[in-house]
Each structure stands twice: as structure tokens, then as C-alpha cells.
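The basis for the numbers below is simple: all heavy atoms, side chains too, and nothing from hydrogens, waters or symmetry mates. Residue numbers start from 1 in every chain, and the chains themselves are labelled A, B, ... in the order their sequence lines are given, proteins ahead of strands.
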Amino acid sequence: MDFHAQQRKWQGAWDHAHVFEPTLGEAPKSGAAKDKFYLTAAFPYPNSPQHIGHARTYTTTDIYARYSRSMGKNVLFPMGFHVTGTPILAMAKRIEARDKELFDIFENIYGIPPSTTSTLTNPRDLVLYFSAEIEAGMKEMGYSIDWRRKFYTFDSIFNNFIQWQFGKLQAAGLITKGSHPVPWCPADKQPVGGHDTMGDVDPEMEEVVAVLFAAGMGFIPTITYRPETLPGVTNLWVNPNAHYVLAESTINKHKKKLYLTKESFELLSHQFALTKLKEVSADQLLALTATHPLTKHQIPILPASFVDPGTGTGLVMSVPAHAPFDWLALRDLNKLDVIRPIQVLDTPGFGSCPAGELCVKMGVKNQDDQRGEEATKQLYKLEAHEGKMKAAPYAGMNGIAAKEKIKEDLINAGSATLMHILANAPVYCRCGAKCVVKQVDNQWFIDYGNGAWKEKTREALAGMRILPSGLRQDYEYTIGWLRQKACTRASGLGTKFPFDETQMIEALSDSTIYMAFYAIAHIAKKMEKKSGADSINNEFFDYVFLGKKPADAKPSADWAAARAEFLYWYPLDSSHSAHDLVHNHLTYFIFNHTAIFEKRHWPKQTVSNGFVTMEGKKMSKSMGNILPLRKAIAQYGTDVIRFVVTSSAELEADSDFNQAAAEGVANRINTLESLLEKTTETKTSAVHASHASASARHPKRDRISRWFYSRLHARLRDAPAQYENFELRPLARALLYDTINDLQWYARRSPNDDAHSGNLREFFELWTLMAAPIMPHVAEEFWERLGKKKFVDDASLVVSARFPKADEKQIDFRLEMGEAYLQNVMEDIRHICALIKKDKPESITLIVHADWKKKVRALVAEHKNIRAVMDAAKTDSELAKLQPQVAALAGKLIKNIGAITGETLEAKEEMEVLTDSIGFLSTEFSGAKIEVLHEKEAPSALSAKTANALPGKPSIIIA
RNA sequence: GCAGGGGUAGCAAAGCUUGGUCAAAUGCGCUAGCUUGAGGGGCUAGUGUCUUAGGACUUCGUGGGUUCAAAUCCCUCCCCCUGCACCA
């Protein structure tokens with residue numbers, strides 16, 4: 001099958017018919033207005049071509065869109081491009097600098113020649129290049145997108161829309177201003193994110209406590225993760241090789257003089273206002289003593305090599321009883337007898353000096369020994385949970401509780417302050433500078449901490465359908481912990497912040513209600529062409545989205561049209577993305593909808609899918625295992641990719657793309673195709689009878705044909721719920737794998753398969769419609785070969801055809817049980833043949849159980865107890881006469897009671913299945929003579945064997 | 001640390017809500033036979049251990065418990081993954 005030729009053919013046909021460009025209230029030919037269905041998928045960020053992973057979300061969305069269309073809905077699936085933020089700028093810069101790594105990635109992974117890459121130094125060109133590439137890929141994937149509504153988030157009309165949104169937020173009191181810390185590059189004077197750093201390291205910011213010890217002319221600040229151990233401080237540590245300064249600072253509104261290393265002075269000056277007063281040598285510091293902030297005792301300052309001058313303040317407090325490094329350093333100095341460790345926490349299994357005890361036990365040599373880290377980790381974890389504070393006022397608290405309490409007390413007393421450090425320091429900016437934490441002033445926030453807003457958002461969530469359903473609690477948790485979210489940055493593409501135009505609205509804040517913009521985008525674009533972007537203004541948006549009529553004028557035709565579009569399409573019926581967006585974008589999306597729109601326009605559903613792995617491994621640039629989508633399309637064909645990325649895992653799990661799976665799918669499609677060819681060649685008159693009933697169209701309604709159609713219609717019956725619930729994996733597997741297995745069994749059971757080819761026409765018609773949302777191109781091709789039969793909705797394209805309804809009358813569960821029974825019997829025969837090493841039996845005698853046995857079986861299943869079974873048997877006239885046999889059988893059945901809870905066929909049905917299949921069984925077992933008998937007519941010579949006959953399990957005698 | 005998810009046969013992955021038809025679907029891999037000029041592909045059977053009559057025995061991270069019966073319910077412990085923000 002030439003997948004690529006088909007793709008072009010059918011994509012062209014859809015395009016020509018404009019089937020993906022819905023109009024308002026479009027009515028089908030039957031007359032009744034269609035229900036609308038509006039769904040979106042997270043729009044892409046075009047700084048690279050898309051890869052196979054992106055295809056998962058879009059394909060899932062498209063399947064849903066196509067399914068909904070086939071259920072008779074008027075479907076809108078739009079797409080745009082998100083270009084907001086700094087990564088595109090950063091990338092353009094790297095291209096300008098001819099960054100080798102980037103050129104290599106583009107060339108080796110995406111096949112973009114350096115001569116092309118080098119032209120993308122302008123961010124706008126870069127956006128246009130990659131968005132064109134992505135759009136082409138989406139079209140090749142056959143996504144049923146209405147491209148008339150496409151926009152970019154740097155378009156003026158979209159900027160106006162976002163400014164309008166922020167105006168609304170501001171008016172509702174949801175925009176605040178303040179300062180907050182960010183990872184920062186001091187050279188670029190920019191916040192840094194993961195994409196700005198060497199090796200794409202995400203800078204991890206961490207809040208720590210700095211305890212202030214009065215000493216000399218000021219204070220020695222020491223950073224600690226364990227403020228609860230403060231009562232156990234015996235001394236402070238200074239690195240004897242570091243250089244120190246005395247600096248003046250304002251901490252918690254009080255001027256204080258602080259001792260710091262030169263390095264930390266540089267780092268911290270971005271976080272606090274610091275003025276250097278003078279340089280101080282390590283020796284000068286070592287000569288001082290410090291005052292313990294709790295006990296007010298004088299404690300010594302000692303030298304230690306493990307103190308890193310570049311971390312924190314470059315000064316460290318010493319708790320030898322609980323911190324292995326402190327204890328080791330004291331031992332290295334031979335001071336353990338002078339400076340006695342002070343126990344703060346009592347932990348089971350340890351004495352008065354846990355750190356020392358653990359170091360001895362683990363054999364840690366000295367402060368430069370790596371294993372000190374491990375000892376620290378172990379002890380910290382243990383004491384946090386199991387340690388109990390000894391001294392008042394914290395006595396009895398465990399480590400975790402005490403930590404919070406002491407931290408609070410110290411800060412209130414002015415003996416400590418909070419600061420931020422980079423936990424994974426050192427992190428380097430691409431420019432080479434070492435990143436720091438910067439306290440940014442004049443920062444604008446969206447206040448997701450607002451209580452009333454949270455409540456409204458919870459209300460909206462409660463009214464939504466969340467798929468997979470387990471994510472609901474993730475949403476609830478996220479709504480709970482969200483606080484103020486910084487919504488502006490100094491640079492980036494996108495929209496200017498309306499209340500400070502030197503700032504740009506940041507990327508996650510300008511993409512919360514863009515779904516509303518799609519509804520009117522095509523109209524807004526037209527208006528812009530006519531009267532300029534300024535005509536798309538606040539009054540326009542107020543009218544279109546909120547229905548507020550302009551004071552002085554009547555709404556123009558364009559305004560009315562836009563308002564109608566919005567009212568028709570909103571609310572959004574389904575929002576699709578990968579599940580990583582739940583904790584940010586999707587939650588903001590709900591928040592902002594409740595803030596801006598009327599309740600009737602709040603969103604109805606989110607669907608979040610997992611990622612795609614490549615041959616079992618996570619895709620990454622560094623691994624070089626990224627499969628670009630268009631390359632994959634060229635290699636495997638669209639429908640194969642659509643099938644694999646959606647069917648190889650449940651919705652929430654990661655699906656895997658691998659060559660074997662893709663080839664397996666292609667092979668199966670080809671198998672069906674060749675069968676279809678055979679089917680359409682066979683033109684029986686019954687097939688052509690125009691509105692023939694199902695039975696007339698299938699003259700050979702023998703057991704196996706009826707079985708096959710029973711299976712098919714059962715699948716068809718289940719399919720709608722599977723589409724609705726995104727159970728695409730079982731659905732897709734049923735369509736291709738199970739169906740082909742059924743076809744094989746059908747063929748094998750049919751003595752003359754040509755006679756059955758005509759019977760497969762109904763199968764192909766139903767299968768094609770059922771599979772169309774997942775494999776639309778294959779479906780169209782099949783549809784055409786079936787003669788574009790006017791089967792369901794007078795549709796010459798599958799894409800416009802209605803989803804078929806299952807014919808419940810054709811579903812026969814007992815028929816399916818019969819085939820399963822036959823397969824079990826065959827398995828048993830094979831097993832026995834193998835055991836007795838007879839691969840060509842001459843005769844096989846099958847003896848079906850006597851009817852009374854089924855009664856006994858039912859009694860055993862009911863009573864589960866031999867005495868009760870016998871009591872019940874006595875009341876049955878037939879069983880009463882057979883008491884010894886009944887007792888023997890019941891005893892046998894009860895041993896394996898678990899195996900008899902299921903339903904089995906009646907003896908009569910078993911007889912039918914087997915006698916119907918004598919010819920088949922003979923063929924299967926190399927021409928053996930097959931005899932089928934009922935137990936009561938079996939010759940007495942076989943009585944020893946006939947006793948074995950049970951419901952569901954005939955006695956088998958092989959000779 | 002907090003929150004969420006997960007550990008099933010060589011691999012991937014269903015089953016767990018509602019305990020029994022579960023030695024556990026399905027796909028891949030592997031073995032054998034058939035088909036094909038070969039390869040590919042296709043078809044059939046097998047793929048925990050033992051077994052010359054359809055059986056028995058041991059398995060679903062660990063250790064307990066409930067039950068006539070546990071992959072499935074309850075508890076303990078171990079291990080893995082993801083998110084915790086200003087970044088798209």
C-alpha cells in the first residue's frame with residue numbers, strides 16, 4: 001500500500017471540500033442543527049521542528065475531532081503558534097554567534113543544512129521558518145485543523161487581546177507588584193532559565209536560613225539547612241585560605257555589618273544591598289570569638305578546609321554532635337577534648353554524639369573524605385524524623401517540627417534572615433558568567449493566591465471533566481498551593497505589559513485564554529486588514545467576549561459576527577495537552593477563565609496525555625534520538641504513526657515509538673488491504689442488492705460467519721465509549737490486532753474461503769468507519785475501493801460519514817462461548833497428543849457430559865460445600881438416584897472451586913458445536929476420524945473415560 | 001521534605017475498582033514445523049518447572065495478615081519515576 005500517495009490524495013480531497021472549516025450553526029442535510037464541538041490542543045512553540053512526541057497530543061486531539069464529526073457534530077479544531085518569551089531570542093542569538101552545538105543539532109537531528117540555519121538570525125524569521133515547518137508537518141499528519149484562524153502570539157491583534165485581558169485582571173485586583181528572587185546572570189543582567197545555561201541545566205533556587213552570630217565589629221552570618229541544631233553550636237568555621245570582607249547591609253530593615261568571603265560578597269550583593277567597608281584576613285577572623293544567639297555564650301572561631309568560600313556566606317556554624325563534617329574537622333584539629341559536642345536531638349540507636357558515632361562506625365577518615373557526605377545525609381534523614389529535641393522550649397519535638405519553630409523564633413528575634421542560594425551551584429550562563437540569585441524589584445504578579453479567586457476556580461474545576469480522572473487531585477493541589485506568579489520579564493517576544501511598557505508579559509501568562517481568540521481570529525484578521533490593528537481594541541473585546549455594548553455606537557457587522565462566533569463556539573469543550581502542563585498552564589487556564597468570562601463560558605474538559613519515548617528511551621538532544629515528525633512520516637506513513645503513538649500506551653502513560661511496532665502496524669494494514677481486494681473482486685449478486693437486509697446480504701449465515709459478525713458488532717458496540725474515554729489503546733488493538741486474529745480464525749474455520757469473501761463486505765464497511773478517526777487516510781482509500789458506498793450518511797468521503805451503530809441482534813455471546821469451547825477442546829487434544837507422543841492420531845472420540853453433571857456443577861458453585869450440595873441433590877429426583885456419582889463429582893469439583901464460577905454451555909450446545917465442526921477438526925488433526933458422542937450413548941467399554949466428561953470439558957479418547 | 005504515579009513472566013504491557021473461569025490477555029523476542037527461488041513476509045504450535053491422557057507444583061518488588069480462595073483486599077518495609085514555579 002502506498003501510504004504517501006494516499007496521504008496526498010486524500011488530504012487534497014479534504015482541503016478541496018473545506019471539510020475542516022466549520023461555519024456557524026451549520027445544518028446537515030437532514031435538517032436539524034448540529035451540536036457544536038470546540039476543542040484545542042496546546043499550540044506549539046516554534047523554535048525547532050516538531051518531533052514524534054508532539055504528534056501524540058495532536059493526534060489524540062485529531063482522533064477526538066474526527067470521531068466527534070462522525071457523531072454528527074459541527075467541530076472546530078484550530079491551531080496557532082506560541083512565540084512568547086526568551087528561548088527564541090536566545091536561539092537567534094546563538095545562531096548569530098554561529099554556536100556550533102546548535103548548528104550540529106539542526107543539521108544532524110533535523111537535517112537542516114548550516115546554510116539555512118545561518119539565515120535565521122532574526123527571531124521573526126526563525127519563528128516563520130519553524131512554524132511553516134510545523135504547519136506542513138501537521139498537514140501531512142492529516143490533522144483536521146481549521147487553518148483560517150491561525151495566529152502568532154506576537155501579532156498586534158493578539159497583543160491587544162492580552163492587554164485587554166490584563167486590564168480585566170487589574171480591574172479585578174488580581175495584579176500585584178513586589179520583589180522576588182530569580183536565578184540571574186550578572187553579565188547579561190537577565191534572569192536565566194534552563195535554556196540559557198551551559199548544558200541546559202535548570203538553576204534550582206532554594207531558601208535557606210542565615211543565622212547571625214555577633215562577633216568583632218558586626219555579625220558572622222552562617223547558612224544552615226538545620227536551624228534546629230543551633231543549640232548545639234560549639235564554634236564557627238573559617239576557611240584559613242579564603243579572603244574576607246566586612247560589609248554593611250540592611251537586613252530586615254536594620255543596618256548590620258557582616259563578615260563574608262569575597263566570593264559570597266559578590267554573590268549576595270545581588271540579593272541584598274551590600275557596601276564593602278574593609279578587607280579582613282582569615283587570621284583576623286580566627287582571632288575573634290562569637291556570641292551564640294540563644295545561649296549568649298562566647299564560642300571560638302576555628303579553621304577548617306571543608307568550608308567552601310563560594311557557597312552561602314563562606315562561613316559555617318559547627319554542630320559536632322549532629323554534623324559529621326563538624327565533628328571530623330574538630331577531630332582533625334585534635335580539639336574534641338577541649339570543645340565538647342553538645343547533644344540537641346535524642347535519636348534511638350545513638351548516644352550523646354550521633355555524628356561522631358556514625359563517622360566511627362562508617363570509618364570516615366577526615367573532613368576531606370567523600371563518605372562524610374553520605375554520613376551527613378543519613379544522619380539528617382534519621383534525626384529529622386526520629387530525633388527528639390532535648391532542651392526546652394523545644395523539648396520533645398522531632399527535627400522537622402523544631403526546625404520550623406526555631407527558624408521562626410530566630411527571624412523574629414532578628415538573629416537570622418532568609419536568603420536564597422542556587423542549590424545546584426555552580427550554574428553557568430551561556431555567556432560564561434556564573435549565575436547568582438537576584439532579588440528583582442518592581443516585579444509584577446498575577447495573584448493566584450487570592451482566596452475568592454481560588455474558590456471560583458475550584459468551582460469551575462468541579463464542573464469539569466478531567467481525563468485521566470486521577471489528575472483531578474493534581475489540579476486541586478495546584479490550585480491550593482499557587483501563590484503570586486511573576487508575570488513579567490524584562491525581555492522576550494510577546495505582549496508589552498500594559499502598566500509598565502518596559503516589561504513584557506511572560507510566556508505562561510499570555511496563553512491562558514487564547515482559545516477564546518481562535519473563535520474570532522479569522523474575523524479580527526479581516527478587520528485588521530481593513531482598518532488596522534488599533535480597531536481591535538478594548539471596546540471590541542468587551543463587546544465580543546462580555547456582551548458590553550459600546551456607549552456611543554451600534555456594533556458593526558464585523559463585531560456582531562465576532563460576537564456570534566464566540567457565543568457559538570464557547571465554552572471550550574475539550575482542551576488537550578501533555579500532562580506536564582497540569583501544574584502550570586492548565587491550572588492558569590481555569591483560573592483565568594473564571595476571572596474573565598461569564599460562568600457559562602468556563603471550560604468543560606481537559607485531556608492530558610503522556611509523552612512518547614523512542615525505542616524505550618526518553619528522547620533528548622544529547623542522546624541524539626529525537627525522531628523529527630516529517631522524517632518519520634516519510635519513513636512510515638501518517639496512519640502508521642497516528643496508530644503507534646496513540647495505541648502503544650494508555651492515555652496517561654508514556655507511549656513508545658519503535659520500528660518493530662511501526663512495521664507491525666504497516667504489515668497488518670497491508671494484510672487487510674489484500675483481503676479487501678479479494679473481497680471487492682468477488683461480486684455476488686446478494687452484495688449488490690441495494691437495501692438488502694443484513695441476512696440477505698450474507699447468504700451463508702453459518703456458525704462461523706455468525707460468530708465473526710458477533711465479534712465485530714460487539715467491538716462496534718464498545719467503540720463509542722472507548723473514543724469518548726480516550727481508551728485508544730484497547731480500541732486500536734481491537735481494530736487491528738484482535739480483528740485480524742478473528743479473520744484468521746474465520747478463514748481457518750471456513751472450508752471454502754472464497755464463499756466467504758462476499759461476506760466480508762459488511763465487515764469492511766463497518767471496520768472502515770470505525771477505524772477512520774485513527775487512520776483516516778487508509779479509511780478513505782478503503783471507502784473508495786468499496787465503491788464509496790452510500791452506506792450510512794450519503795457520504796462519499798469517510799470524513800463526512802456517520803459513525804456506524806452496532807447491530808445488537810448480531811451479537812451472540814453463546815456463539816462466542818462455543819468457539820472458545822472448541823478452541824479449548826483443540827488445545828486439550830494437542831496437549832494429550834504431545835504427552836502420549838502421538839502426532840498423527842487415527843481417531844479422536846469426544847464425549848459430551850451427561851446433563852445431570854451440569855446440575856451438580858451449579859450446585860457446587862452455589863453451595864461451595866459438599867454436605868450442602870448432597871442435601872440439595874436429594875431433593876432433585878434425577879440426582880437422588882445417582883448419589884454415589886454425584887458425591888464423587890462434587891468432591892472433584894469442589895477441589896477446584898475457583899474454576900467453576902463461570903458460565904458454561906449446555907450439553908446440547910456442546911454437542912452442536914462439536915458435530916458442526918467434525919470436518920474442521922478432522923482437517924486440523926491430520927485427517928483423524930472424529931466421533932462425537934453424548935455420555936449416555938457412549939459404549940460401556942469407554943465408561944472409565946466417559947466419567948471424565950465435565951461441563952465445558954468433554955472426555956477425549958485418542959487412538 | 002511535600003504531592004502524584006509506579007514495581008507483573010526474556011522485554012514491553014494488560015489484569016487490581018467489583019477476590020475464584022489467572023501459569024496470567026496482547027505485542028515483541030526466541031524455538032520448531034509449514035509456506036516462499038533466497039531474504040522479507042505469512043501461517044501453525046510452543047515459550048515457569050515436572051509430566052507417555054488433558055495433571056501436579058512454584059510464581060505477579062519484600063515480609064506479614066484477612067479468606068474455603070489473593071497479582072487483586074489490609075498492614076510493614078524496599079526500590080523507581082514525575083512535579084514543586086516564574087521556565088517554555
Side-chain angles (χ1 to χ4, degrees), chain A residues 42 44-45 47 82-88 180-183 191-196 202-205 381 384-385 400 403 440 443 445-446 448 468 470-471 473-474 476-478 480-489 492 506-509 511 579-585 588 610-611 613 616 618 647-650 652-654 656 658 660-661 663-665 667 670-671 674 729-730 733-734 736-738 741 744 747-748 820 824-825 827-839 861 864-865 894 896-904 924 945 948 952-958:
Chain A
Y45 189 79
N47 69 342
H82 191 218
V83 300
T84 308
T86 55
I88 286 170
H180 86 138
V182 290
V192 283
H195 54 87
D196 301 314
D202 235 343
E204 291 165 29
M205 230 170 37
K381 195 173 170 184
H385 291 102
I400 295 174
K403 176 181 175 170
V440 181
Q443 176 65 59
F445 300 93
I446 298 177
Y448 293 117
L471 286 179
Q473 36 181 336
D474 283 58
E476 280 162 3
Y477 181 75
T478 308
W481 69 251
L482 275 178
R483 300 278 175 267
Q484 298 192 317
K485 148 89 184 152
C487 63
T488 60
R489 276 187 83 151
E506 138 319 307
L508 283 170
S509 300
S511 55
H579 55 38
D580 59 331
L581 297 187
V582 170
H583 303 277
N584 43 63
H585 163 258
Y588 303 153
F611 299 126
T613 57
K618 206 173 150 180
S647 78
S648 67
E650 313 265 310
E652 63 268 43
D654 289 353
D656 188 49
N658 59 76
E663 284 170 0
V665 169
N667 285 336
N670 285 325
T671 301
S674 50
R729 178 188 153 94
R733 302 205 140 233
L736 221 45
Y737 293 77
D738 301 343
N741 287 342
Q744 276 165 6
R748 193 169 153 194
N824 281 335
V825 171
E827 228 169 83
D828 281 349
I829 294 173
R830 255 185 229 110
H831 189 187
I832 296 167
C833 286
L835 279 176
I836 63 175
K837 300 212 161 62
K838 188 186 271 276
D839 45 350
K864 298 183 170 67
N865 168 321
I894 221 148
N896 199 0
I897 192 168
I900 66 167
T901 51
E903 206 180 333
T904 59
E924 287 287 314
K945 294 284 186 189
N948 288 336
K953 229 169 165 36
S955 171
I956 299 168
I957 299 154
I958 292 173

> Quick one: which of rG83(B), rG5(B), rG54(B) gets closest to the side chain of H583(A)?
Replying inline: rG83(B)

> Using the ring of each side chain (for Trp, its six-membered ring), is Y588(A) parallel, tilted or perpendicular to Y448(A), with breaks at 30° and 60°?
Replying inline: parallel

> Within this structure, what is the CD-to-P distance between E476(A) and rA3(B), rounded to whole angstrom?
Replying inline: 14 Å

> What is the distance from CZ of R733(A) to P of rA25(B), rounded to the nearest Å?
Replying inline: 13 Å

> Now, which nucleotide makes the Watson-Crick or G-U wobble pair with rG41(B), with each of the two distances under 3.5 Å?
Replying inline: rU35(B)

> When you compare rG7(B) with rA13(B), how far apart are their P atoms, in angstrom units rounded to a whole number?
Replying inline: 9 Å

>> If I take atom CD in residue E827(A) and atom C1' in nucleotide rU21(B), what distance separates them, rounded to the nearest angstrom?
In response: 14 Å

> Say you pick atom C1' in rC74(B) and the same atom in rU66(B); how far apart are they, in whole Å?
Replying inline: 7 Å

>> Between P on rG41(B) and CD on E663(A), what's the gap in Å once rounded to a whole number?
In response: 8 Å

> Do the side chains of I829(A) and E924(A) get nearer than 4.5 Å, heavy atoms only?
Replying inline: no

> Of L471(A) and A661(A), whose closest RNA chain B nucleotide lies nearer the 5' terminus?
Replying inline: L471(A)

>> Just to be sure I understand the rule, does F611(A) reach a base, reach only the sugar-phosphate, or reach nothing, if contact means heavy atoms closer than 4.0 Å?
In response: nothing

> Under 4.0 Å between a side-chain N/O of T86(A) and OP1 or OP2 of rC87(B), yes or no?
Replying inline: no

> Picking from rA45(B), rC84(B), rA88(B), which would you name as closest to the side chain of W481(A)?
Replying inline: rC84(B)

> rA85(B) phosphate, OP1 or OP2: any side-chain N/O from Q484(A) under 4.0 angstrom?
Replying inline: no

>> Would you measure the distance from the P atom in rG41(B) across to the matching atom in rG27(B) and give it in whole Å?
In response: 16 Å

>> Tell me whether the side-chain N or O atoms of K864(A) pair up with the base of rC68(B) as donor and acceptor below 3.5 Å, since no angle test is needed here.
In response: no

>> I'd like to check V440(A) versus P191(A) (side-chain heavy atoms, cut-off strictly below 4.5 Å). Are they in contact?
In response: no

>> From CG of D654(A) over to P of rG7(B), roughly how many Å is that when rounded to an integer?
In response: 14 Å

>> Please report the distance separating the P of rA69(B) from the corresponding atom of rC16(B), rounded so that it comes out in whole Å.
In response: 22 Å

> If you measure from the P atom in rG83(B) to the same atom in rC75(B), how many Å do you get, rounded?
Replying inline: 29 Å

> If you check every side-chain atom of Y477(A), which of rC2(B), rG54(B), rA45(B) has the closest atom?
Replying inline: rC2(B)

> Is any side-chain N of the basic residue among E650(A) and R729(A) closer than 4.0 Å to the acidic one's carboxylate O?
Replying inline: yes

>> Applying the Watson-Crick and G-U wobble criteria at under 3.5 Å, what pairs with rU82(B)? Answer none if nothing qualifies.
In response: rA3(B)

> If the C1' atom of rG46(B) is compared with that of rA23(B), how far apart are they to the nearest Å?
Replying inline: 15 Å

> Between rA45(B), rG41(B), rC87(B), which nucleotide has the shortest distance from any of its atoms to the side chain of R748(A)?
Replying inline: rA45(B)

> At under 4.0 Å between heavy atoms, what does L482(A) touch on the DNA or RNA strands: base, sugar-phosphate, or nothing?
Replying inline: base

>> What verdict does the side chain to side chain contact (heavy atoms under 4.5 Å, CB included) test give for S511(A) and T84(A), after you've listed the backbone C-alpha separation in whole Å, the side-chain angles of each residue and the deciding distance to 0.1 Å?
In response: CA-CA 9 Å; S511(A) 55; T84(A) 308; over 6 Å; no

> Hey, does P730(A) reach any base, or is it just sugar-phosphate, or nothing, if we go heavy atoms under 4.0 Å?
Replying inline: nothing

> Expressed in angstrom and rounded to an integer, what is the separation of H831(A) atom NE2 from rA56(B) atom C1'?
Replying inline: 11 Å

> Atom CG of N824(A) to atom P of rA45(B): distance rounded to whole Å?
Replying inline: 13 Å

> Just to confirm, is there a sub-4.0 Å distance from OP1 or OP2 of rA12(B) to any side-chain nitrogen or oxygen of R729(A)?
Replying inline: no

>> It should be established whether R489(A) places a side-chain nitrogen or oxygen under 4.0 Å from OP1 or OP2 of nucleotide rC87(B).
In response: yes

> How is P954(A) classified with respect to the nucleic acid when contacts are heavy atoms under 4.0 Å: base, sugar-phosphate, or nothing?
Replying inline: base

>> If you compare every side-chain N and O of N741(A) against the phosphate oxygens of rG27(B) (OP1, OP2), does one of them come in below 4.0 Å?
In response: yes

>> Counting only Watson-Crick pairs (N1-N3 plus N6-O4 or O6-N4) and G-U wobbles (N1-O2, O6-N3), all under 3.5 Å, who is the partner of rG29(B)?
In response: rU47(B)

> Just how far, in rounded Å, is P of rG54(B) from NZ of K953(A)?
Replying inline: 10 Å

> If you look at every strand shown and take non-hydrogen atoms under 4.0 Å, does A507(A) touch a base, only sugar-phosphate, or nothing?
Replying inline: sugar-phosphate

>> Show the nearest heavy-atom pair for residues P87(A) and N47(A), with the distance to one decimal.
In response: CB-ND2, 4.2 Å

> Heavy atoms under 4.0 Å, any strand shown: does T84(A) hit a base, just sugar-phosphate, or nothing?
Replying inline: sugar-phosphate

> For Q473(A), which contact category applies under a 4.0 Å heavy-atom criterion: base, sugar-phosphate, or nothing?
Replying inline: sugar-phosphate

> Which base sits across from rG54(B) as a Watson-Crick or G-U pair, both distances under 3.5 Å?
Replying inline: none

> Within the structure shown, what part of the strands sits under 4.0 Å from I900(A) by heavy-atom distance: base, sugar-phosphate, or nothing?
Replying inline: nothing

>> Nearest heavy atom decides the nucleotide; on that basis, is I957(A) or G470(A) closer to the 5' end of RNA chain B?
In response: G470(A)

> Of the candidate nucleotides rA53(B), rA13(B), rC84(B), which contains the atom at the shortest distance from the side chain of L835(A)?
Replying inline: rA53(B)

> Of all the choices, rA85(B), rC86(B), rA88(B), which nucleotide is nearest to the side chain of H180(A) once you look at every atom?
Replying inline: rC86(B)

>> Taking pairing as Watson-Crick or G-U wobble with both contacts under 3.5 Å, can you name the mate of rU62(B), or confirm there isn't one?
In response: none

> Taking a pair as Watson-Crick or G-U wobble with both distances under 3.5 Å, which nucleotide is matched to rA71(B)?
Replying inline: none

> Under a 3.5 Å cut-off for both distances, is rA23(B) Watson-Crick or wobble paired, and to whom?
Replying inline: none

>> If I pick the P atom on rU8(B) and the same atom on rA56(B), what distance separates them, to the nearest angstrom?
In response: 28 Å

> Among rC86(B), rG55(B), rA53(B), which is the nearest nucleotide to the side chain of K945(A)?
Replying inline: rA53(B)

>> What's the gap between rU59(B) and rA45(B) when it is taken at their P atoms, as a whole Å value?
In response: 30 Å

> Is N584(A) touching bases, backbone alone, or none of the nucleic acid, heavy atoms closer than 4.0 Å?
Replying inline: base

> Looking at the side chain of I836(A), which of rG41(B), rG54(B), rA53(B) is the nearest nucleotide?
Replying inline: rA53(B)

>> Applying the Watson-Crick and G-U wobble criteria at under 3.5 Å, what pairs with rC16(B)? Answer none if nothing qualifies.
In response: none

>> Under 3.5 Å, is there any donor-acceptor pair linking the side chain of N47(A) to the base of rA88(B)?
In response: no

